[in-house]
Amino acid sequence: MLKDNVNWQVTGIELWAWYRFAVGEADEAKIARREVDWLLQAVSDVDRLSLQLGDVSRRDQVFLDRPWLEILDLWQRRLVQRQPLQYLVGSTPWRDFDLQVSGAVLIPRPETELLIDLAIDKFPNASGNWLDLGTGSGAIAIGLATAFPAAQIHAVDFSEEALMVARSNGSRHRLMNRIQFYQGSWWQPIDHLKGQCQAMISNPPYIPTATVLELAPEVVNHEPHLALDGGVDGLRDIRTLVNGAPDFLVSGGWWAIEMMAGQGNAVVGLLEKRGAYQNIQIVDDWAGFDRFVVATRL
Ligand SMILES: C[S@@+](CC[C@H](N)C(=O)[O-])C[C@H]1O[C@@H](n2cnc3c(N)ncnc32)[C@H](O)[C@@H]1O
């Protein structure tokens with residue numbers, strides 16, 4: 001989306017020639033072609049169809065939100081340094097929102113949207129105190145606050161830099177009266193909410209430490225390891241969420257997390273061992289992988 005003060009332009013033919021060239025570079029680098037479209041859509045007033053049909057080449061001018069050379073440099077950083085496009089343009093779509101992102105936060109993933117859908121299915125008219133632990137960009141908190149106008153959302157993150165991004169997203173979506181943000185580790189900053197929460201939702205770090213280093217360069221070199229690394233077995237933070245939640249949830253309160261595919265049985269085992277949950281269920285993602293576990297506080 002083009003910003004308000006537009007001072008830069010390029011000719012349609014020049015942009016079209018570069019687009020064709022960049023698509024070839026994307027193919028060679030095994031980057032999805034649509035990323036070139038996204039980049040140009042984010043920094044100029046072109047739409048995807050006019051790029052794909054070549055109509056843009058007939059325009060005298062295309063308006064840009066920054067100098068053309070800067071845009072070429074962004075693409076080089078995508079290609080050579082494998083920086084995620086979302087960080088380069090500073091935002092990402094997630095559910096119905098446009099969320100700001102920086103290198104301080106995980107780029108919210110499409111599968112995490114399912115956590116909000118699960119919550120809506122289970123509690124169509126939710127109210128009371130809802131927790132988003134490890135809020136990052138604020139995606140889950142914003143999704144919950146929008147879905148549940150009668151609920152109050154409490155969002156925690158250890159990273160002050162991440163919370164700055166989350167607050168900015170909350171403010172852009174006019175939800176700051178509905179979301180409270182806290183800096184600290186998991187349950188520590190919300191002690192005052194003990195026994196008063198309807199639900200806890202979390203997408204915690206869950207990747208085993210050794211596996212983090214094997215992730216795609218976009219992830220391992222650019223996304224915050226605080227958001228990824230779940231300790232030796234990947235379950236360090238999930239254990240904290242399993243063990244702490246019974247002190248915070250009301251009876252019948254809901255516990256829901258995202259995890260790494262393959263962790264389902266281990267997480268169910270932790271919940272069973274804690275002895276404070278019922279209706280423990282593994283839920284698959286769209287690709288059929290065990291991706292979420294939900295449970296109810298006894
Ligand atoms: C996988 S990211 C999820 C971010 C966001 N909720 C999402 O779904 O896109 C995990 C988040 O947990 C936060 N985190 C890591 N350790 C934490 C801790 N001890 N206490 C609170 N948050 C923590 C990270 O900073 C990161 O923002």
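Nothing fancy with the numbering, it's 1 onward along the sequence. Only this structure's heavy atoms are used, side chains among them; waters, hydrogens and symmetry mates stay out. Order of listing sets the numbers, starting from 1, for every ligand and every atom in it.
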message: Tell me whether ligand 1 is touched by Pro205 - counting only heavy atoms on the residue side and a distance under 4.0 Å.
response: yes

statement: Within 4.0 Å of some non-hydrogen atom of Ala227, the atoms of ligand 1 are 1 (C), 2 (S), 10 (C), 24 (C), 26 (C)

- prompt: At a 4.0 Å threshold, what atoms of ligand 1 neighbour a non-hydrogen atom of Leu226?
  reply: 15 (C), 16 (N), 24 (C), 25 (O)

task: Could you tell me whether some N/O pair between Trp186 and ligand 1 is separated by less than 3.5 angstrom?
output: yes

message: Suppose I only count heavy atoms of Pro108 and a 4.0 Å limit; which atoms of ligand 1 are within that range?
response: 9 (O)

- prompt: Going by heavy atoms in the side chains, are Pro205 and Leu226 under 4.5 Å from each other?
  reply: no

task: Taking the six-membered ring for Trp and the single ring otherwise, decide whether the centroids of Tyr87 and His222 are under 6.0 Å apart.
output: no

query: Does a side-chain N-to-carboxylate-O contact under 4.0 Å join Arg33 and Asp27?
result: yes

message: Quick check on Thr135 - does any of its heavy atoms sit under 4.0 Å from an atom of ligand 1?
response: yes

query: Does Gly184 reach ligand 1, in the sense of a heavy atom lying below 4.0 Å from it?
result: yes

message: In this structure, would Met176 and Trp130 fall into the same cluster of hydrophobic residues linked by side-chain contacts under 4.5 Å?
response: yes

query: Under 3.5 Å between some N or O of ligand 1 and some N or O of Thr112?
result: no

- request: Within a distance under 4.0 Å of any heavy atom of Ser185, pick out the atoms of ligand 1 and give their elements.
  value: 18 (C), 19 (N), 20 (N)

- prompt: Do you see a donor-acceptor pair shorter than 3.5 Å between the side chains of Tyr277 and Glu272?
  reply: no

query: Can the ring centroids of Tyr182 and His192 be said to lie less than 6.0 angstrom from one another?
result: yes

- prompt: Hey, what do you get for CZ (Arg78) to CD (Gln83), rounding to the nearest 0.5 Å?
  reply: 9.0 Å

query: Any N or O of Gly134 that comes nearer than 3.5 Å to an N or O of ligand 1?
result: yes

Polar atom proximity, Asp237 to ligand 1 (N or O, under 3.5 Å): no

query: Tell me, which protein residue and heavy-atom name are nearest atom 22 (N) of ligand 1, and how many Å apart are they?
result: Phe158 N, 3.2 Å

- prompt: If you measure every N/O of Asp157 against every N/O of ligand 1, is any gap under 3.5 Å?
  reply: yes

message: If you count heavy atoms of other groups shown closer than 6.0 angstrom to CZ of Arg48, is the number above 12?
response: yes

- prompt: Backbone or side chain, does any N or O of Val156 fall under 3.5 Å from an N or O of ligand 1?
  reply: no

query: For the residue pair Phe21 and Trp18, is the inter-centroid distance of their aromatic rings smaller than 6.0 Å?
result: no

